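Everything below concerns the one structure shown next.
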Amino acid sequence: MSCHSLESAPAEVHGADSPLAVLPGPRPGARREGATPLPQLDAALCEVFDAYEALGTTGPAEAWAAFTDGFQWTASLPAAEPAADDPHGAPTARPADGGHMVSGTWRPAAAAREGRWIALPVRAGDGTPVFAVRRSQGTHDVADGTFRVSGLFVPTGMTSSAEGTALGSRHTAYAWCAALGMAFGFGRLLLAQADGLPAHPEGTTSSHLTALLTREREAVRGHLRRLPVGPGGDELLAERVRAGADLVRDVYAAGAAGAAGPTASAPLLLAGAPLLQFARFATELLPPGAAGA
């Protein structure tokens, strides 16, 4: 059975002290020349997953750069515009290890007053990064209708760009498959390069994690082939995305916490952190049920 296409099948942020928050990644901005070709939005979902998994396996930093160059994944979040009438609150984004320190004042759309997440653009010389932050992380002034953050760390995996094709709410399943595919590819790369992950107290070893990842991967692909037409499949797919993201985080943790130091190379661990950050929150940022909009 072939996979249904996207068009026929609607489809707590880490703080600065988190091991996934302090890892550097590619800086979003202007679209790079020679960007990696990505699956079309009407591609079959299993093809989307396979293509992004291959990108994650080839190089996690390149995968994240290609995705954020190609798509504005924050497009369906409640938006905000910099408060032009507040000269002291002009938005800024200072690069930091693993992300940016964001400050400024914005005027959010009405929908942002109720939503859990909000997209904050910051105009910069080399592009316009867009930061996905929880509304609870800032101050919403009801009197003047502004939203403010000060020195808020936003990890790279929570950062998009205003450039690229906007991923609307009907592209939810595409974004989920991209997120999980890149994370799985990174997990496979970690396991391939790790020289025998140390056993955890629960007895988890590299061979055990490899078996779990392979089994979950086949379950995901099998589900994508059977995905029913219509919104009924959205929550089932969301569950697979969440379970797969948790598993890859276990692989990451095993690679980063060897008994005698990390078993996977530090640059590889650093490069893949944004993929895990995005995969972890993909179904919360782009929730089930939005795909039919």
Side-chain angles (χ1 to χ4, degrees), residues 1-11 35-58 60 62-77 132 157 160 164-189 212-249 272 274-293:
M1 181 185 299
S2 62
C3 291
H4 296 290
S5 72
L6 179 64
E7 301 302 329
S8 64
T36 303
L38 301 175
Q40 297 296 313
L41 291 175
D42 60 354
L45 292 179
C46 60
E47 295 176 4
V48 174
F49 174 84
D50 288 348
Y52 280 100
E53 183 187 37
L55 283 173
T57 303
T58 302
E62 292 77 6
W64 183 248
F67 181 67
T68 53
D69 277 352
F71 297 108
Q72 181 188 353
W73 60 262
T74 53
S76 64
L77 296 180
S160 181
T165 301
L167 288 182
S169 56
R170 69 191 180 98
H171 302 128
T172 296
Y174 182 101
W176 289 353
C177 290
L180 190 57
M182 289 187 290
F184 268 47
F186 173 53
R188 294 176 63 193
L189 185 60
L212 288 176
L213 195 64
T214 299
R215 184 171 63 189
E216 184 63 24
R217 176 181 182 271
E218 292 310 309
V220 168
R221 298 192 79 257
H223 177 72
L224 292 177
R225 291 192 182 94
R226 298 188 301 270
L227 192 66
V229 176
D234 285 350
E235 181 55 42
L236 294 176
L237 179 56
E239 291 175 2
R240 293 248 72 106
V241 173
R242 288 190 285 265
D246 287 344
L247 178 55
V248 178
R249 282 168 56 84
L275 306 186
L276 302 193
Q277 293 158 357
F278 182 56
R280 179 182 179 185
F281 293 102
T283 60
E284 183 180 326
L285 288 159
L286 304 165

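On a predicted model such as this, the values are computed, not experimentally measured, just so you know.
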If we ignore hydrogens and angles and just use 3.5 Å, is the side chain of [X] paired with the main-chain N or O of [Y] as donor and acceptor?
{"X": "His223", "Y": "Val220", "result": "no"}
{"X": "Trp176", "Y": "Leu286", "result": "yes"}
{"X": "Thr283", "Y": "Ala238", "result": "no"}

Name all residues meeting the side-chain contact (heavy atoms from CB on, under 4.5 Å) criterion together with [X]; count only those two or more places apart in sequence or in a different chain, and write none if there are none.
{"X": "Ala166", "value": "Gln72, Ala75"}
{"X": "Ala51", "value": "Pro39"}
{"X": "Ala279", "value": "Ala179, Ala183, Ala245"}
{"X": "Thr214", "value": "Thr210"}

Please report the shortest heavy-atom distance between [X] and [Y], naming the atom on each side.
{"X": "Arg217", "Y": "Asp50", "result": "NH2-OD1, 4.4 Å"}
{"X": "Leu224", "Y": "Cys46", "result": "CD1-CA, 3.7 Å"}
{"X": "Leu38", "Y": "Leu55", "result": "CD2-CD1, 3.7 Å"}
{"X": "Leu189", "Y": "Gly56", "result": "CD2-O, 4.0 Å"}

Margin query: Apply side-chain contact (heavy atoms from CB on, under 4.5 Å) to residues Trp73 and His171 and explain how you reach the verdict.
Written below: CA-CA 9 Å; Trp73 60 262; His171 302 128; over 6 Å; no
Notebook entry, point to check: Are Leu167 and Leu41 side-chain neighbours, meaning at least one heavy-atom pair lies under 4.5 Å?
Noted result: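 The answer is yes, as the side chains (C-beta and beyond) meet within the 4.5 Å cut-off.
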Check: Between Arg242 and Glu235, is the closest basic N to carboxylate O distance under 4.0 Å?
Finding: yes
Check: CZ/Arg280 to CG/Asp246 distance, rounded to the nearest 0.5 angstrom?
Finding: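 Atom-to-atom, Arg280:CZ and Asp246:CG are 8.0 Å apart.
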Margin query: To the closest 0.5 Å, what do you measure between CG (Leu180) and CG (Leu237)?
Written below: 8.0 Å
Note to self: Parallel, tilted or perpendicular: which one describes the rings of Phe67 and Phe278, with boundaries at 30° and 60°?
What the structure shows: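 Aromatic pair Phe67/Phe278 classed tilted.
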Margin query: Going by ring pair (Phe, Tyr, Trp, His ring centres under 6.0 Å), name the residues that satisfy it together with Phe186, two or more places apart in sequence or in a different chain.
Written below: none
Margin query: My understanding is that only residues two or more places apart in sequence, or in another chain, count here; which of them pass side-chain hydrogen bond (donor to acceptor under 3.5 Å, both in side chains) with Arg240?
Written below: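 So Arg240 forms a side-chain hydrogen bond (donor to acceptor under 3.5 Å, both in side chains) with Glu216.
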Next item on the list: State which residues pass side-chain hydrogen bond (donor to acceptor under 3.5 Å, both in side chains) with Thr74; sequence neighbours excluded, sorted by chain then number.
Entry: none
